[in-house]
Amino acid sequence: MLLIKQITMKRRKIVVAAGFCLSFFLGTLMNLLYIPGFEHHQNNDNRVHRYYHEKQQRVTGDSQLRVGELVTEAAAKSHSKPSSESSHHQDLMLQMRERFDEVVRYRQRQAHGSGTGDLVRPLERRRLMDSEPGNNWDPIKVIERTDNRQTHFQNRLSPSTFMRAKSEKHVTMNSKSINGTPMLGCSSIANVTNVQYLGSGYTKAVYKAALNSSLSVALKSVDFGGHDMENCVKKYSSPGDCYRLASFKILKEMTLMERLQHPNILKLYGYCYQDSNDIQDTVTAITELGSPLEMIQLLQTSWEERFRICLSLVRLLHYLARSPLGSVTLLDFRPRQFVLVKGELKVTDLDDASTEEAPCSPSIPTDCAMEFPARNFSLPCSRGRCLGINEKRNLYNAYRFFFTYLLPHSAPPTLRPLLDKIVNSTGELKWGIDETLLQLEKVLHLYRNGFYLQNNTQMPKAEYKSVMDTSILAENYRCWPSYQHDGCLLSVFSIREAIDVCESHAQCQAFVLTNQTTWTGRRLVFFKTGTASLSSAKGQIVYVRAGG
């Protein structure tokens, strides 16, 4: 008897342990795949009060985006430091110079190479502060890998060099408008209302604010309590210089938002310089506001909306493959880097974007290897560059983060073979971005024009009587996937499709053809269990099933 009890207890412990391991695995998987748009904190009110009320002491009216001044000031300070600290501080200056050069290249509209002749670290070996803990990012190794970098370091970082660079047009943003829209400045956000802390990543904190109590915008600034700042200050003991290093990510993002104009890239409205946390001229970007992607919620939405997200993404990647700056890759490609604006997917984080294509040698096959958690690829080396690596990386990430979850699930049956082909071809990288976009546009054409509907010659099971300018307030039932969680609201191409849907639902006795349309032009229809709550509604039509 005692032995049986011991065996039973042992089995229970094994089951509990297995359950714990399973829950941990699922939790980790969900965090990787469905990570929200931002990292939320509990002390939201304190952060808003601290960063947007207490610490804003002076607002500057400069209309230019000052890039060179940040490095100039830091470089000048480096010459006044004791010699025992100079080598350590130069490591930080080197990182700042590399980010400065990158921003300058984008302002010069150069797709490749450095505007100053400095060497650029290969993309595949580049280690971004946002993708690794700060303590593991060793700039000394960067110096060791760069030929004669240390020998010419003082000359390149001399204040006179930066003062000359500062005066050049490519380090300022002089435009007063973007595409004819006046840019916002410090005066625009001086009296913002309804400031809400949205979240933060490694570098930036993001706030929501209302301008003139009407326009809602996002305000992006360096997070003084964030990962980048904390690790940099811990290592270099220079909050001012660490801020300037982190701020180059915001400057780069603003530059790319200005240079890359596309409906699926978040709009830059303007920027502002102000004093904060005893640091002069901290920069705040003013951008379009979007809602973060919640993948679990997206799986519960209609297929039409999920298809729209995938189509938006492919249109974006098609543009990035041939942008004015060259082929652009999103190094940190995750759902959290995107937002939704009125149903359209838009990329919001561009500080980890790059136009560099990995250098290679035909004699070294591993130079053009792309490694992913579940799959590896090897691309050809052409003229010293990995052929199409930026485009291929973006496309495969779109497949593994978006297509596999959003495209085939609950799609119209006649479209599933084509959708499966799209998913499989992108997962194997058999198609490039051109063919992928062509096939998705084909799906849109079939869906928008009703060509996906099966040729059904069978007559409806019942007759339906129409009642004009009428709706049904209650009599709801749930169906999936629905545009409303407490009812059955679907889009249809035609009245005949609405009748087919109603007759496929046992509860349906009537439906309301609304005057609302989806992004594809399809009509939204409410399916109802009865007609007890008929009411007047201009432009809507009720169809009642005979005998219902």
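From a predicted model like this one, the values you see are computed outputs, not experimental measurements.
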When you look at W480 and H409, which way does the ring pair (Phe, Tyr, Trp, His ring centres under 6.0 Å) test go after all the steps? CA-CA 12 Å; W480 188 86; H409 192 50; 5.4 Å; yes

F377-Y396 aromatic ring centre distance below 6.0 Å: yes

Take T414 and Y452, measure what side chain to side chain donor-acceptor pair (under 3.5 Å) needs, and give me the verdict at the end. CA-CA 6 Å; T414 55; Y452 69 95; over 6 Å; no

Could you go step by step and tell me if R315 and L437 meet the side chain to side chain contact (heavy atoms under 4.5 Å, CB included) rule? CA-CA 7 Å; R315 286 172 173 171; L437 178 59; 3.8 Å; yes

Give the C-alpha distance, both sets of side-chain angles, the deciding distance and a yes or no for side chain to side chain contact (heavy atoms under 4.5 Å, CB included) between L490 and C479. CA-CA 9 Å; L490 304 175; C479 66; 4.1 Å; yes

Any Lys/Arg nitrogen of R334 or D352 sitting under 4.0 Å from an Asp/Glu carboxylate oxygen of the other? no

Is R308 close to L340 at the side-chain level, that is, under 4.5 Å between some pair of heavy atoms? no

Apply disulfide (SG to SG under 2.5 Å) to residues C508 and C502 and explain how you reach the verdict. CA-CA 5 Å; C508 182; C502 185; 2.0 Å; yes

Can you tell me how far apart NZ (K208) and OH (Y197) are? Round to the nearest 0.5 Å. 15.5 Å

Report the distance from atom CD of E304 to atom CZ of R522, rounding to the nearest 0.5 Å. 5.5 Å

Within-4.5 Å side-chain heavy-atom neighbours: K442 and L438: no

Say whether, by atom type as modelled, one donor and one acceptor occur between the side chain of T329 and the main chain of L331 under 3.5 angstrom. no

Minimum-distance pair of heavy atoms, taken over all atoms of T426 and F403: OG1-CD1, 3.6 Å

Is the side chain of N194 donor-acceptor paired with the backbone N or O of A209 at a distance under 3.5 Å, no angle test? no

With side chains defined as the heavy atoms from C-beta onward, is the minimum distance between N264 and L313 less than 4.5 Å? no

Does S533 reach the main-chain N or O of L473 with its side chain, forming a donor-acceptor pair under 3.5 Å? yes

Just one of V217, L268, V192 clears the side chain to side chain contact (heavy atoms under 4.5 Å, CB included) bar with I286, so which one? V217

For the backbone of S221 and the side chain of T284, can you confirm whether one donor and one acceptor N or O come within less than 3.5 Å of each other? no

Rounded to the nearest 0.5 Å, how far apart are CD of E475 and CG of L534? 8.0 Å

Which heavy atom of T514 sits nearest a heavy atom of F526, and at what distance? CG2-CD1, 4.0 Å

What are the two closest heavy atoms between I250 and A285, and how far apart are they? CG2-CB, 4.1 Å

Heavy-atom check, side chain of L260 versus side chain of L320, under 4.5 Å: yes

Taking the side chain as everything from C-beta on, heavy atoms only, tell me whether V283 gets closer than 4.5 Å to M254. yes

Any donor and acceptor pair, going by atom type alone, linking the side chain of K528 with main-chain N or O of Q509 inside 3.5 Å? no

Residue pair L293, F402: steps toward the side chain to side chain contact (heavy atoms under 4.5 Å, CB included) verdict: CA-CA 11 Å; L293 284 183; F402 289 89; 3.7 Å; yes

E344 and S312: side chain donor to acceptor below 3.5 Å: yes

Kindly say whether T301 contributes a backbone atom to a donor-acceptor pair with the side chain of R306 at under 3.5 angstrom? yes

Give the intermediate values and the outcome of side chain to side chain contact (heavy atoms under 4.5 Å, CB included) for residues H505 and V501. CA-CA 7 Å; H505 295 172; V501 171; 3.7 Å; yes

Any sub-3.5 Å donor-acceptor pair from E435's side-chain atoms to W431's backbone N or O? no

Answer yes or no for C368 and C386: SG-SG distance under 2.5 Å. yes

How about K267 and V341: do any of their side-chain heavy atoms sit closer than 4.5 Å? no

Can you tell me how far the OG1 atom of T470 sits from the CD1 atom of I541, to the nearest 0.5 Å? 9.0 Å

Contact summary for L350 and M257, nearest pair of heavy atoms: CD1-CG, 4.0 Å

In terms of heavy-atom contacts, does CZ of R375 have more than 12 from other residues, nucleotides or ligands at under 6.0 Å? yes

Is the backbone of I433 close enough, under 3.5 Å, to the side chain of E391 for a donor and an acceptor to pair up by distance? yes

Can you classify the ring geometry of Y464 versus F511 as parallel (below 30°), tilted (30 to 60°) or perpendicular (above 60°)? tilted

Please round to the nearest 0.5 Å and tell me the distance separating atom CE of M468 and atom OG of S536. 12.0 Å

Counting only heavy atoms not in N376, do more than 12 sit closer than 6.0 Å to its CG atom? yes

Quick check: closest heavy atoms across R336 and T348, and the distance to 0.1 Å? O-CG2, 4.5 Å

Mind running ring pair (Phe, Tyr, Trp, His ring centres under 6.0 Å) on Y543 and F527 for me, showing each step along the way? CA-CA 10 Å; Y543 288 82; F527 295 90; over 10 Å; no

Student check: side-chain heavy atoms of F372 and N397 closer than 4.5 Å: yes

Quick check for you: to the nearest 0.5 Å, what is the distance between W519 atom CH2 and L444 atom CG? 5.0 Å

To check you understand the geometry: which heavy-atom pair defines the closest contact between S200 and A205, and what is its length? CB-CA, 3.9 Å

Is Y399 close to C310 at the side-chain level, that is, under 4.5 Å between some pair of heavy atoms? no

Does K252 use its side chain to pair, donor to acceptor, with the backbone of D351 at less than 3.5 Å? yes

May I ask you to decide if L211's main-chain N or O and S214's side chain share a donor-acceptor pair within less than 3.5 Å? yes

